[in-house]
Structures are given as C-alpha cells and as structure tokens.
Amino acid sequence: MSLLRRQYPKMTEIAKISVGSIHFDDVGRIAVKISDKATSENLEKAASLIKSNHLVGFPTETVYGLGGSALNDGAVTSIFRAKNRPADNPLIVHVSSYDQLDRLIRANSNSESIPEIYKPLIEKFWPGPLSILLPIDIKAKKGPYKLSNLVTNNQDTVAVRFPSDPVARALIALSDTPIAAPSANTSTKPSPTLANHVYNDLKGKIPLILDGGNCNIGLESTVINGLVSPPTLLRPGGLSIKAIKQIKGFENLTTELTVTDDKTPVRTPGMKYKHYSPDAEVALIIKKTTTKSVYDAKEYLDFAAKFEDKTVAVVSQSHLQGKPSALNRDLGDDIKDIQFNMFRILRELDTLKVGVIFIVIDEATLADEDGLAVVNRLSKAASQKVYI
Ligand code: TXA
Ligand code: MG
C-alpha cells in the first residue's frame with residue numbers, strides 16, 4: 001500500500017468509454033470485441049492495472065465499483081483502505097463468463113460446479129444485478145484462481161456476481177481476473193452512479209476511473225443466500241424480489257432482514273454499518289394513504305419548523321412535488337425511477353451544501369415488496385422517519 005501511495009500521490013485519471021463500441025460473443029467464454037480505438041486502449045490500460053494489483057473505478061449496471069484483483073492480498077487490502085471500509089465486511093467477486101465462474105469454484109471449493117439450487121436463478125438473471133453466496137473451503141484453495149482470504153474475511157462463503165454492464169464485463173474479461181469490487185464510495189456515503197461521484201470520494205487514492213456514464217439501475221445488486229433452506233434475501237437491491245420468487249426453489253425466499261445493531265449477529269456484515277448518508281441530515285417523510293396534502297398538513301408544518309434555521313431541500317415523488325424551488329428535486333414516480341435517481345440526487349444536494357434533505361414518498365409505493373430496497377437504503381440514510 002505504501003508503494004501504491006507513492007506511485008499515485010495525486011493523479012486520478014478519468015477515461016471516457018464508448019459503451020456502444022463493446023461487444024461480446026457469448027456468456028460462456030470470455031470473448032470481447034471493441035470497435036472504438038480510444039475505448040480499447042483505455043480498457044487495456046485498466047485491465048493491466050488490475051493484473052498488476054492496482055485499483056480501478058468502473059461502471060456496472062447497478063453502481064460504480066472499486067475494483068481490484070480478488071486473487072491478491074495487496075489489491076484487496078488497498079480496496080479496504082481506499083474506501084475506509086471495516087475489514088469484516090466481505091467483498092463481492094465479479095466474473096464475466098461461466099468458464100471463469102467454473103474456474104473460481106474449482107479453485108476455491110471441493111465442488112466442480114455451482115450448487116444446483118442456483119442454476120435456474122442464474123440462467124434467468126445473469127448477467128445482471130444479482131449476487132449469490134457460494135461455499136468456499138479455505139483449505140481447498142489451490143491454483144491460480146485461489147481467492148485472497150481477505151475478500152471474505154475468512155468466511156466459508158463468497159458472494160459472486162456476473163454483471164451485465166459492457167464496461168464491467170470487458171474489464172473483467174480483458175484482465176482475465178475475478179474482480180473484487182465494493183461500491184466505489186467512501187464507506188458510509190451514498191453509492192456512486194456517475195464517474196464524478198467516484199472521483200469526488202476517491203481522487204488521489206486510485207489511478208484510474210472508467211467513465212461509462214450513468215448506471216442504468218442506480219442501486220446495488222440483490223444479494224441472495226441459496227445455501228440455506230429456505231433461501232434468504234441478504235440485501236434487497238436492483239433485482240426484483242417478486243421476480244426471484246418466481247424461480248423454482250426460491251418461492252419461499254425469506255425477505256425479513258436481520259435487525260442490525262451491535263448485539264445482533266449479522267448475516268450480511270454490510271447491513272450493520274451506517275450507510276448511504278450524505279453530509280446533509282436526511283428526514284424520510286412518508287405520506288400516509290389517508291393524507292390529502294402533505295405540505296399543508298399540520299404535522300408537516302410542525303416538523304419543518306424545527307429546521308427553520310437550516311437550508312432545506314425537498315426531494316419528492318413526482319406526484320408529491322410541492323411548490324417549485326431551486327432546491328426541490330423530482331425522484332420520479334415508480335420504484336425503478338426512485339432507485340435510479342436517489343443516490344445521484346443525495347450527492348448533488350451535498351455539493352450544494354444544504355443542511356437538511358426531506359425525502360417525501362407515498363406509503364403505498366414503499367409497501368410494495370419491490371419497494372424494500374428503497375425503504376432499506378433511505379431508512380439507513382435518514383436520521384428521522386415521520387409519517388404524515
Ligand atoms: O451492485 C453491487 O453489488 C455493487 C457493484 C459494484 O457490483 N457492489 C456492492 O458491493 O454493492 P458492496 O461491497 O458495497 O456490498 C456488498 C454487500 C455487503 O452488504 C456485504 O456485507 C455483502 O454484500 N456480502 C459480501 N460477501 C458476503 C458474504 N460472503 N456473506 C454475506 N454477505 C456478503
Ligand atoms: Mg457499498
């Protein structure tokens with residue numbers, strides 16, 4: 001790490017990627033074709049940084065990732081340091097083909113292929129915003145695809161994802177390396193959905209960020225444990241829970257998330273930490289189905305009065321927009337819009353140095369099972385939750 005610090009004291013390059021110029025032959029083998037010369041050169045540069053155990057910020061369809069070789073202790077240590085992340089919060093390993101997945105499984109466990117339960121699930125949703133837990137056996141680890149124990153903090157499972165974003169897939173394919181990648185934010189901050197979000201958090205700490213534009217989904221992958229019966233949801237995310245429950249073996253998916261405080265054992269370590277918080281204070285204002293107008297309600301006026309001395313931004317669902325103001329933002333209306341917009345808006349309002357962010361959402365929108373990811377992220381970002 002001291003070597004990395006010396007080499008990259010200040011410079012973090014942002015390299016533009018023409019996403020449409022990247023093509024793949026199939027999902028079985030690694031085969032990538034890139035028609036744009038600058039894109040090809042930038043991806044090759046990123047791949048050689050990964051191969052030499054340096055870090056790269058890169059887009060995925062969910063959020064930007066902070067990638068490093070999952071096979072190398074030094075690279076994994078640098079990831080934890082750059083993000084200021086607690087070492088007991090394990091990382092997701094990203095692959096870009098089934099061939100690569102098989103190699104990873106053979107080198108890190110005693111089995112030859114993926115557990116049966118996952119087959120219909122990944123057939124349907126990979127590549128995509130789904131991470132699954134696979135068993136690993138530390139003692140069985142062998143060969144060139146042996147994972148660093150630091151990725152999993154010596155746990156007996158590893159979370160694996162096959163992203164669909166062409167830039168992510170090309171980077172993994174060209175480096176021919178399973179890439180450990182948490183979201184590319186400083187720990188506790190909202191996840192990044194644009195290259196400049198990564199730059200704001202990690203400038204001077206990593207040599208390169210690939211800029212592939214906006215992340216299509218805007219919220220992290222759904223993490224599933226199919227190794228227990230019934231399977232459990234470890235983190236709600238970009239993949240619909242309802243869609244997962246339609247897959248054979250996952251009909252009874254447990255979606256009750258572990259209550260995470262210091263005394264409760266955690267099933268997914270990341271859930272216990274402060275998360276997704278902008279610098280501004282956040283208040284989640286949930287409009288009950290019976291309320292006619294949020295902003296005229298006495299409860300709202302009383303609540304807002306507590307923040308009279310602060311700059312307040314109001315971020316609301318489209319149909320709940322209040323009076324137009326320079327600090328008001330539109331979250332969109334359905335869950336997909338909200339997922340896409342929320343982290344970007346929180347980060348944008350931080351650059352405007354607002355004191356408080358009110359997030360106004362309908363109770364009915366959040367009550368939908370697929371609203372769970374949004375409830376989860378916004379509840380963690382918010383220090384207060386009020387029903388009006
Ligand atoms: O969409 C995503 O998943 C993004 C992009 C970059 O792929 N990555 C991401 O990683 O969100 P991160 O590190 O920010 O979140 C990983 C989550 C954490 O909650 C972590 O605790 C959990 O997955 N996790 C990772 N490995 C695990 C394991 N072996 N067992 C249980 N939970 C695990
Ligand atoms: Mg994260």
Side-chain angles (χ1 to χ4, degrees), residues 1 4-5 8 12 54-60 62-70 73-94 131 148-155 158-159 161 179-207 209 215 218-223 234-238 257-258 260-262 264 266-282 342-351 357 373 376-383:
M1 183 61 205
L4 283 183
R5 278 225 188 93
Y8 307 113
T12 295
H54 298 297
L55 307 187
V56 175
F58 65 100
T60 82
T62 56
V63 298
Y64 273 73
L66 171 61
S69 169
D73 286 351
V76 176
T77 303
S78 307
I79 293 175
F80 281 97
R81 290 222 185 125
K83 273 185 68 91
N84 199 14
R85 177 179 175 113
D88 67 350
N89 189 4
L91 305 176
I92 296 173
V93 175
H94 298 66
S131 299
S148 160
N149 287 340
L150 304 176
V151 168
T152 56
N153 189 34
N154 296 303
Q155 289 197 101
V158 61
R161 178 158 111 78
I179 293 185
S183 47
N185 51 289
T186 302
S187 269
T188 80
K189 292 283 151 212
S191 295
T193 61
L194 286 167
N196 80 300
H197 297 164
V198 183
Y199 187 80
N200 284 342
D201 281 17
L202 299 177
K203 58 179 169 297
K205 296 184 173 173
I206 60 174
I209 300 165
C215 300
L219 168 120
E220 304 88 339
S221 63
T222 303
V223 184
L234 294 179
R235 178 180 68 180
L257 298 172
T258 326
T260 48
D261 54 53
D262 287 345
T264 318
V266 278
R267 272 181 287 157
T268 196
M271 304 299 276
K272 80 177 167 186
Y273 296 105
K274 181 173 145 73
H275 244 104
Y276 315 113
S277 317
D279 295 333
E281 186 179 345
V282 176
M342 66 183 187
F343 287 146
R344 178 181 48 75
I345 292 175
L346 292 181
R347 280 184 172 264
E348 189 217 331
L349 291 172
D350 259 355
T351 65
I357 302 172
N376 172 264
R377 305 304 192 273
L378 292 182
S379 301
K380 279 165 190 275
S383 56

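We number each residue from 1, following the sequence as shown. Since we're looking at a predicted model, the values are computed, not measured. Excluded from the calculations below are hydrogen atoms, water molecules and symmetry mates; all remaining heavy atoms, backbone and side chain alike, are included.
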So, does [X] use its side chain to make a donor-acceptor pair with the main chain of [Y] at under 3.5 Å?
| X | Y | answer |
| --- | --- | --- |
| K205 | L202 | no |
| N376 | P236 | no |
| T351 | E348 | yes |
| S383 | E281 | no |

Point to revise | Pair R235-T222, side chain to side chain contact (heavy atoms under 4.5 Å, CB included): steps then yes or no | key: CA-CA 6 Å; R235 178 180 68 180; T222 303; over 6 Å; no

List the atom of [X], the atom of [Y], and the distance in Å for their closest heavy-atom pair.
| X | Y | result |
| --- | --- | --- |
| A195 | I209 | CB-CG2, 4.0 Å |
| P182 | K83 | CG-CD, 3.4 Å |
| D88 | N153 | CA-ND2, 3.2 Å |
| P192 | S183 | CD-CB, 4.2 Å |
| I179 | G67 | CG2-CA, 3.6 Å |
| A82 | L55 | CB-CD1, 4.3 Å |

Check your understanding: Under 6.0 Å between the ring centres of F58 and Y64?
Key -> no

Check your understanding: Does the pair R161 and T62 meet the rule for a side chain to side chain contact (heavy atoms under 4.5 Å, CB included), with working shown?
Key -> CA-CA 11 Å; R161 178 158 111 78; T62 56; 3.1 Å; yes

Nearest 0.5 Å please: distance from the [atom1] atom of [X] over to the [atom2] atom of [Y].
| X | Y | atom1 | atom2 | result |
| --- | --- | --- | --- | --- |
| I357 | D350 | CD1 | CG | 6.0 Å |
| D201 | I206 | CG | CD1 | 10.0 Å |
| Y276 | N185 | OH | CG | 8.5 Å |
| Q155 | N149 | CD | CG | 11.5 Å |
| Y199 | L194 | OH | CG | 15.5 Å |
| H197 | T186 | NE2 | OG1 | 13.0 Å |

Check your understanding: Looking just at side-chain N and O atoms, do S191 and E220 make a donor-acceptor pair shorter than 3.5 Å?
Key -> yes

Point to revise | S187 versus N84, side-chain donor and acceptor atoms under 3.5 Å | key: no

**Study point:** By salt bridge (Lys or Arg N to Asp or Glu O under 4.0 Å) - contacts of D279 (at least two apart)
**Key:** K189

Point to revise | salt bridge (Lys or Arg N to Asp or Glu O under 4.0 Å) involving R344 - partner list, sequence neighbours excluded | key: none

**Study point:** For A159, side-chain contact (heavy atoms from CB on, under 4.5 Å) partners two or more places apart
**Key:** I92, L133

**Study point:** side-chain contact (heavy atoms from CB on, under 4.5 Å) against F80, all qualifying residues, sequence neighbours excluded
**Key:** V76, R85, L91

Practice item. Output all residues satisfying side-chain hydrogen bond (donor to acceptor under 3.5 Å, both in side chains) with S131, sequence neighbours left out; order by chain, then residue number. Key: S221

Revision key, fill the gap. Sequence neighbours excluded, the answer for side-chain hydrogen bond (donor to acceptor under 3.5 Å, both in side chains) partners of N154 is none

Check your understanding: Going by heavy atoms in the side chains, are P90 and V151 under 4.5 Å from each other?
Key -> no

